[in-house]
Asks: 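Let me begin by handing over the structure; questions about it come next.
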There are 2 protein chains.
Amino acid sequence: MSTTGPAPQRRMRADARRNYERLLAAAATVFAEHGVDASLEDIARRAGVANGTLYGHFPTRQALLEALLRDRMDALTATARDLLDHPSAHEALVIWARAAMAHTTTYRGLVTALMRSIKDESSELHAACRAVLVGGEQLLTRAQAAGTVREDATAADLYAMINAVAWAGEQTTPAQGERLLTFSIDGLHPSRSREHSS
Amino acid sequence: MSTTGPAPQRRMRADARRNYERLLAAAATVFAEHGVDASLEDIARRAGVANGTLYGHFPTRQALLEALLRDRMDALTATARDLLDHPSAHEALVIWARAAMAHTTTYRGLVTALMRSIKDESSELHAACRAVLVGGEQLLTRAQAAGTVREDATAADLYAMINAVAWAGEQTTPAQGERLLTFSIDGLHPSRSREHSS
DNA sequence: GAAATATATTGAGAGAGTCTCAACTTAGCA
DNA sequence: TGCTAAGTTGAGACTCTCTCAATATATTTC
């Protein structure tokens with residue numbers, strides 16, 4: 001449930017704790033404004049600390065992102081669990097897919113980081129991404145059991161699909177992303193796939 | 001048909017022409033190896049010219065890409081035209097979508113540049129991207145007339161969809177991209193969309 | 001409460017990249 | 001052969017990432 005490395009592992013020194021929080025707050029602002037590829041120097045500047053301090057707390061950009069997103073990603077995973085009780089297996093999947101897409105578009109560029117992290121085990125974001133994927137997998141499996149989703153779709157497909165449409169929405173407009181999500185979900189139906197007419 | 005600014009507009013000086021070609025060749029190599037976000041300094045170095053020369057010929061990275069891809073993109077547009085004669089409207093669309101995806105994955109990072117360029121009219125790649133989009137639109141319209149594609153899908157949807165799955169393939173594996181393309185195309189069917197069962 | 005110590009912070013600096021531009025070269029023409 | 005327009009050069013001004021020796025400060029201990 002909890003990711004491997006929580007934020008304040010041991011007791012931190014008071015000034016360290018303060019700077020840690022300031023950096024997180026500054027990161028939220030700067031990422032919101034310039035996307036997750038924003039300058040880390042800028043974040044340190046806004047937090048009022050030297051850039052070395054930022055690197056001391058967050059060795060990599062992904063570590064910073066992980067700290068910033070941990071709660072939200074845990075919540076998304078929890079939502080998946082809760083939705084297992086939803087009366088409609090298919091509707092639960094759709095609701096969750098939309099929530100996942102919304103999360104993924106929190107910051108510009110985030111979707112790319114999340115997609116990379118699922119493959120890269122050394123990423124600080126990896127564990128959280130896997131938890132999300134597993135959450136989605138349960139909803140997917142349930143929908144398949146209910147017969148509303150094709151049997152050959154995997155959790156990896158679902159994860160990739162959600163991220164792909166989120167990426168498209170980020171590159172164009174949120175509305176475009178929504179449209180593609182709708183199409184994609186329809187594409188998961190175990191329907192008359194593979195039939196062609198003239 | 002031809003994009004607004006062909007490569008050698010007026011007669012170029014012999015040395016300029018030579019350097020232009022060398023830069024293009026170097027770019028092909030470096031982009032293939034490191035993706036389209038590779039260092040332009042590196043490209044200039046490999047071409048054996050000063051970096052100022054590179055900027056002289058190609059004011060932006062997109063300009064360099066445009067010169068490098070022009071032929072291929074024209075070919076893709078031409079393919080769309082040719083496929084209008086294919087006996088199956090739907091199969092023609094699918095074939096073309098696969099070709100478009102293959103083109104889009106020529107270099108790592110290219111898909112992002114292409115997606116950005118369709119929106120950004122100031123991009124040197126914009127015209128070529130629009131031509132591709134229009135090519136796809138004709139195949140889409142024909143498939144809709146044949147009743148194999150939902151009526152509410154637009155050319156922008158198709159373009160975004162192809163790029164989105166290409167992006168997903170780039171981030172994970174080509175096979176994953178293929179799978180998503182299949183699902184997405186199925187999602188375009190005018191079938192039992194929007195129905196839910198338990 | 002002051003010294004001792006573990007813990008943090010600092011900011012200069014190395015390295016890489018983008019893009020510009022004034023000075024310099026050179027191809028092509030008369 | 002020399003003129004001139006066209007092209008090339010590379011240093012320089014930025015920005016960014018990441019490191020680390022020197023410095024500062026919170027906490028613990030006596």
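Here is the naming used below: chain letters follow the sequence lines, and residue numbers restart at 1 for every chain. What you see is a predicted model, and the numbers here were worked out from it, not measured in a lab.
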Asks: Pairs under 3.5 angstrom, nitrogen or oxygen only, protein versus nucleotides 28-30 of chain C, please.
Replies:
from, atom 1, to, atom 2, distance (Å)
C:dG28, OP1, B:Ala14, N, 3.1

Asks: What is the distance from CG of B:Leu54 to C1' of D:dG7, rounded to the nearest Å?
Replies: 14 Å

Asks: B:Asn19 CG to C:dT25 P: how many Å, rounded?
Replies: 17 Å

Asks: Within the structure provided, determine whether B:Arg17 and B:Arg11 are in side-chain contact (heavy-atom separation under 4.5 Å).
Replies: no

Asks: For the pair B:Trp96 (side chain) and B:Leu76 (backbone), establish whether a donor and an acceptor sit closer than 3.5 Å, ignoring hydrogens and angles.
Replies: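 Indeed, once roles are kept as given, a pair shorter than 3.5 Å links the two residues.
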
Asks: Test side-chain contact (heavy atoms from CB on, under 4.5 Å) on B:Met101 and B:Glu178; report intermediate values, then the result.
Replies: CA-CA 9 Å; B:Met101 178 164 147; B:Glu178 293 291 337; 4.2 Å; yes

Asks: Atom CD of A:Glu21 and atom P of C:dA8: how far apart are they, to the nearest Å?
Replies: 14 Å

Asks: To the nearest Å, give me how far apart CZ (A:Phe58) and P (C:dT9) are.
Replies: 11 Å

Asks: What is the distance from CZ of B:Arg22 to C1' of D:dT8, rounded to the nearest Å?
Replies: 13 Å

Asks: Write down the distance between NE2 (A:His34) and P (D:dT15), rounded to a whole number of angstrom.
Replies: 14 Å

Asks: If only side-chain N and O atoms count, and only distance matters, is there a donor-acceptor pair under 3.5 Å linking A:Thr154 with A:Asp157?
Replies: yes

Asks: Report yes if a side-chain nitrogen or oxygen of A:His57 is closer than 4.0 Å to either non-bridging phosphate oxygen (OP1 or OP2) of C:dT9; otherwise report no.
Replies: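 For A:His57, the contact criterion (side-chain N or O under 4.0 Å from OP1 or OP2 of C:dT9) is met.
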
Asks: How is B:Gly52 classified with respect to the nucleic acid when contacts are heavy atoms under 4.0 Å: base, sugar-phosphate, or nothing?
Replies: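 Base, at least one base heavy atom under 4.0 Å.
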
Asks: Is there a side-chain contact between A:Cys129 and A:Met73, using heavy atoms and a 4.5 Å cut-off?
Replies: yes

Asks: Please confirm whether the backbone N or O of B:Ser117 pairs with a side-chain atom of B:His126, one donor and one acceptor, at under 3.5 Å?
Replies: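 Looks like yes, one N/O pair under 3.5 Å.
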
Asks: Check whether B:Arg72 reaches the backbone of B:His103 with its side chain - one donor and one acceptor, N or O, closer than 3.5 Å.
Replies: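 Such a contact is absent between B:Arg72 side chain and B:His103 backbone.
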
Asks: Does a nitrogen or oxygen in the side chain of A:Thr53 sit under 4.0 Å from OP1 or OP2 of C:dA8?
Replies: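 No, because none of the side-chain N or O atoms of A:Thr53 sits under 4.0 Å from OP1 or OP2 of C:dA8.
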
Asks: Could you tell me if the side chain of A:Ile43 sits less than 4.5 Å from the side chain of A:Phe31, heavy atoms only?
Replies: yes

Asks: One pair to check against side-chain contact (heavy atoms from CB on, under 4.5 Å): A:Gln171 and B:Asn163. What are the steps and the verdict?
Replies: CA-CA 10 Å; A:Gln171 302 295 312; B:Asn163 282 290; over 6 Å; no

Asks: Atom pairs, N/O to N/O, protein against nucleotides 15-18 of chain C, distance under 3.5 Å?
Replies:
from, atom 1, to, atom 2, distance (Å)
C:dT18, OP1, B:Leu40, N, 3.3
C:dT18, OP1, B:Arg61, NH2, 2.8
C:dT18, OP2, B:Leu40, N, 3.2
C:dT18, OP2, B:Glu41, N, 3.3

Asks: Within this structure, what is the OH-to-C1' distance between B:Tyr20 and D:dT8, rounded to whole angstrom?
Replies: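 Going from B:Tyr20 (OH) to D:dT8 (C1'), I get 17 Å.
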
